[in-house]
There are 2 protein chains.
Amino acid sequence: MTFDAIDKKLISFLQEDSKQTNKELSNKLNLSVTAVYERIKKLEKENVINKYVALVNKEKVDKAFVAFCHVKLTRHSQDYVVKFEKEVANINEVLECYHLSGDYDYLLKVLVKDMVAFREFMVKKLTNIDHIGSTHSMFVINEVKHSTVINV
Amino acid sequence: MTFDAIDKKLISFLQEDSKQTNKELSNKLNLSVTAVYERIKKLEKENVINKYVALVNKEKVDKAFVAFCHVKLTRHSQDYVVKFEKEVANINEVLECYHLSGDYDYLLKVLVKDMVAFREFMVKKLTNIDHIGSTHSMFVINEVKHSTVINV
DNA sequence: ACTGAAATGTCAAGGCC
DNA sequence: GGCCTTGACATTTCAGT
C-alpha cells in the first residue's frame with residue numbers, strides 16, 4: 001500500500017488522537033467527511049491501523065516502577081526458546097519483550113508498583129521460567145520520552 | 001482515586017479496544033449506557049485515561065527495523081542532561097527514551113526503515129548531540145510481546 | 001470524492017434508590 | 001453518590017451521483 005500526503009497526515013492525526021470526529025479531521029484535511037471515512041476504513045482494512053486503544057497513566061494505577069531486564073537463556077534449542085517466549089508473554093507485568101542481538105538474548109520492559117513488587121516479580125514469576133541463565137535489571141529513573149507515534 | 005471491580009474491567013476493556021461503543025461496554029459490564037459514560041468521563045477527568053490513539057503497524061509504514069541504544073554522557077551537569085533530553089525528545093526516530101540506573105545513562109528505542117537508515121540516524125542525528133560519550137546499540141531480532149495494556 | 005439521509009451513537013436532564 | 005430512563009443532538013455509515 002502506498003500513501004499520499006493526505007494519508008500520511010491522517011495517520012499522524014489518528015496516532016495523536018483517535019477520538020477526533022471525522023468532521024474535525026475533514027476540516028484539517030480539507031476533505032469531505034465521507035472521504036475521510038473511506039480513507040480511514042481503507043487504512044483499517046489494510047491493517048495499517050491495527051487497533052485503537054486508551055492509554056493509561058501508570059502513576060494513577062499504581063504501576064509507576066518501571067524496569068528493563070536483560071535475560072540470557074542457558075540453552076538455545078528451539079523448544080526452550082519457544083517455551084520462554086510463550087511464558088514471558090503471559091506475565092502481565094511484562095509489557096514488552098524483544099529478542100535482541102548482542103550479549104543478552106532478551107530485553108523485557110516490566111511495570112510494577114514498587115521495588116518490593118519488582119522483587120516478587122523476579123522471584124516468583126521471571127526466574128520461575130526454566131533455563132534462564134543470567135538476568136540484569138536496570139531501573140527507570142526518569143521517562144524522558146514515551147510515544148506511540150510512528151513518523152510516516 | 002480508587003477503583004472498584006467495574007472500573008478495573010472498564011479500564012482493561014478500553015486499553016484493549018477504545019472504539020467499543022458505550023452500549024457494547026454496558027452489556028459487558030451489566031450497566032446502563034449512561035453509567036458507563038459517566039465512569040469513562042470520570043476516568044478521563046482524573047487523568048487515569050490520558051489519551052486515545054490509533055496504533056500503527058510498523059511494517060506497513062516501512063519502519064520495521066527496531067533498535068535499542070544505550071547512551072552514556074561524558075558529563076552530567078544539569079545543563080548537559082537537560083539539553084540532551086530535550087534534543088533526543090525531538091528526534092522522531094526515537095519513540096522512547098529512559099534515564100536508567102546502571103552502567104549506561106539512557107536507553108533509547110529507535111524505529112527506522114533498515115540498517116542503512118539506522119546508520120544515518122546514528123551519524124546525523126544521535127551523535128550530533130553534544131557530550132555523548134559512548135553508545136551501544138542492540139537490534140531487535142523478534143518482537144515477542146508489545147502491549148500497551150497495564151494490568152489494574 | 002461529494003451530497004444527503006437513515007441508523008447509530010453521545011450526552012444532558014430529571015428522578016429513583 | 002451512583003444508577004436508571006428518556007429524548008435531543010451529533011456522528012457514523014452508506015446509497016446514489
Can we say B:Asp7 and B:Arg39 salt-bridge, meaning some charged N sits less than 4.0 Å from an Asp/Glu carboxylate O?
-> yes

For the pair A:Lys41 and A:Glu38, find out whether any cationic side-chain nitrogen is under 4.0 Å from an anionic carboxylate oxygen.
-> no

Keeping [X] on the side-chain end and [Y] on the backbone end, is there a donor-acceptor pair under 3.5 Å?
| X | Y | value |
| --- | --- | --- |
| B:Lys125 | B:Ile91 | no |
| B:Ser101 | A:Phe139 | yes |
| A:Asn151 | B:Asn92 | no |

Using whole Å, what does the distance between atom [atom2] of nucleotide [N] and atom [atom1] of [X] come to?
| X | N | atom1 | atom2 | answer |
| --- | --- | --- | --- | --- |
| A:Arg39 | D:dT13 | CZ | C1' | 18 Å |
| A:Gln20 | C:dT10 | CD | P | 17 Å |
| B:Glu24 | C:dT10 | CD | C1' | 14 Å |
| A:Lys41 | D:dT11 | NZ | P | 16 Å |
| B:Glu38 | C:dT10 | CD | P | 14 Å |
| B:Ile40 | C:dC11 | CD1 | C1' | 12 Å |
| A:Leu25 | D:dT13 | CG | P | 13 Å |
| A:Lys19 | C:dT10 | NZ | P | 8 Å |

From C-beta outward on [X], which listed nucleotide comes closest to its side chain: [options]?
| X | options | value |
| --- | --- | --- |
| B:Lys23 | C:dT10, C:dG9, C:dC2 | C:dG9 |
| B:Ala35 | D:dT13, C:dT10, D:dC3 | D:dC3 |
| A:Val33 | D:dG2, D:dC4, D:dT12 | D:dT12 |
| A:Leu31 | D:dT5, D:dC14, C:dC2 | C:dC2 |

Within less than 4.0 Å of OP1 or OP2 of D:dG2, is there a side-chain N or O belonging to B:Lys42?
-> yes

Do the side-chain N or O atoms of A:Tyr37 get closer than 4.0 angstrom to the phosphate oxygens (OP1, OP2) of D:dT11?
-> no

Under 4.0 angstrom, heavy atoms only, what part of the nucleic acid is B:Thr34 near: base, sugar-phosphate, or nothing?
-> base

